[in-house]
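Below, all heavy atoms of this structure are taken into account, side chains as well, without hydrogens, waters or symmetry copies. To find a chain, count down the sequence lines: A is the first, B the second, and so on, and within it residues start at 1. Everything numeric in this text was worked out from a predicted model, so none of it was measured.
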There are 2 protein chains.
Amino acid sequence: MGRWEPGAGSRLREAALALYLERGFEQTTVADIAERAGVTARTFFRHFADKREVLFDGAAALEERSVAALEAVPAAASALDAVVAALNVTAEMIGSDRDLARKRQAVIMANAELRERELIKFASMSVTLADRLRARGVGDLDASLAAEIGVAAFRVAFEQWAGATGDGELRDAIHTSLAALRTLTAAD
Amino acid sequence: MGRWEPGAGSRLREAALALYLERGFEQTTVADIAERAGVTARTFFRHFADKREVLFDGAAALEERSVAALEAVPAAASALDAVVAALNVTAEMIGSDRDLARKRQAVIMANAELRERELIKFASMSVTLADRLRARGVGDLDASLAAEIGVAAFRVAFEQWAGATGDGELRDAIHTSLAALRTLTAAD
DNA sequence: ACAGTGATGTCACTTGATGACATGGGATCC
DNA sequence: GGATCCCATGTCATCAAGTGACATCACTGT
């Protein structure tokens, strides 16, 4: 491959994010992105399944690592605790680059299609975690619920964190969210 | 309008559901639906924002009535209890026609785009309920969380109910789901 | 040098979605 | 009753997303 030039994949990713920020997601066509990246539109689709996926193709890696984290939790831990451990790892990965997270989140929140896709990614993580819990012997319903509410708590915390102007840690936001969750369900 | 003929809206809805069941969602084009309903494709888009929305345009009414149910809950009730009351009303509406629910669910589960859209509808309900909780004086975080976990419990129960071959009541499934949720968060 | 492999370009096409404009029939008002 | 208005729809044109088929060119290893 001769001298090193950034692959078309990363050039496309950068071009897309820049355009989404400059003029908005809907106002950006695949042709625009491809042009800025110096390739054809056809090539764009060889790297990304669709226009949205550019912003989400990191999710797979995220999921992978949080699953690994879940596996590392002692079997004695409760289902919810195991999920929380996995999500804390996720939080560390995301939380390490707050500026990028904010930019990305701004683009996503400005568009319905992207908000949908983001929810899907969270849901996908929830399903994956639930599966792993089942593999550990957790019951069907409990596995689904533990994963769902863990991810819900994470998501609420994340949204607050990514939107807030302050500079608290994502990890702390999650902790607060989980504590609130316990109080809510305990109160009867 | 002369004698009564079903409006184009309902004809389109029926045509679409039939085709989605017969040959699948992706294999059905808007042109197909329009033809079966006796209108042009352009008219389809005057009734539905997109091909998916045909299956989801009842969601608004559902949301409306569950909000009304939430408003009817005494202010003294806990946030989660209020959400549960709202969801029980939703359950009654959905649960009244299990056959339709199953057909619809079969179509939705067979397609990724439709699963996405369904999650969005649930998310939308969650946001709406959270807003109403805030209007009642519930704190920001608590409102989001109560709505999220209530809806999550509902969704898990609903999916199990709509997929199961047995004939339990949706209401019971929700109750079971909520009980499990409380146990999960209590265990510490 | 040669065959193979992979990434890209080119072309053609289907489908989803939307804007602009025409029209026909029912409802409304005088 | 007839002029008029409005709404639903049809018609036409167009753009953008996405995909399949095939050609090309650079680089790889032998």
Measure the shortest side-chain to side-chain distance between B/Arg136 and B/Leu70 over non-hydrogen atoms and say whether it is less than 4.5 angstrom.
yes
Pairwise N/O distances under 3.5 Å, protein to nucleotides 14-18 of chain D:
residue, atom, partner, partner atom, Å
D/dA17, OP1, A/Lys51, NZ, 3.2
D/dA17, OP2, A/Val30, N, 3.2
D/dG18, OP2, A/Lys51, N, 3.3

Would you call [X]-[Y] a salt bridge at under 4.0 Å N-O?
X        : Y        : answer
B/Arg104 : B/Glu118 : yes
B/Glu92  : B/Arg65  : no
A/Arg182 : A/Asp81  : yes

Short side-chain N/O contact from [X] to OP1 or OP2 of [N], under 4.0 Å:
X       : N      : value
B/His47 : D/dT9  : yes
B/Thr40 : D/dG10 : yes
B/Thr43 : D/dT9  : no

Is there a salt bridge (Lys or Arg N to Asp or Glu O under 4.0 Å) between B/Arg98 and B/Glu169? Walk through the geometry before answering.
CA-CA 10 Å; B/Arg98 190 169 193 162; B/Glu169 288 296 322; 5.9 Å; no
Nearest-0.5 Å distance, [atom1] of residue [X] to [atom2] of residue [Y]:
X        : Y        : atom1 : atom2 : answer
A/Asp142 : B/Leu184 : CG    : CG    : 4.5 Å
B/Leu170 : B/Leu87  : CG    : CG    : 10.0 Å
A/Asp32  : A/Arg23  : CG    : CZ    : 4.5 Å

Can you tell me the distance, in whole Å, between the [atom1] atom of [X] and the [atom2] atom of [N]?
X       : N      : atom1 : atom2 : result
B/Leu12 : D/dG10 : CG    : C1'   : 14 Å
B/Phe48 : D/dA8  : CZ    : P     : 14 Å
B/Arg42 : C/dT18 : CZ    : P     : 8 Å
B/Gln27 : C/dG16 : CD    : C1'   : 15 Å

For B/Ala8, answer base if it contacts any base atom (sugar-phosphate contacts may also be present), sugar-phosphate if it contacts only those atoms, and nothing otherwise; contact means non-hydrogen atoms under 4.0 Å.
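Sugar-phosphate contact only - B/Ala8 comes under 4.0 Å of backbone atoms but never of a base.
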I'd like a table of atom pairs between the protein and nucleotides 23-26 of chain D - only N or O on both sides, under 3.5 Å - with the distance next to each one.
none

Under 3.5 Å, is there a donor-acceptor pair between the A/Arg155 and A/Ser177 side chains?
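The criterion, which ignores hydrogens and geometry beyond distance, is not satisfied for A/Ser177 and A/Arg155.
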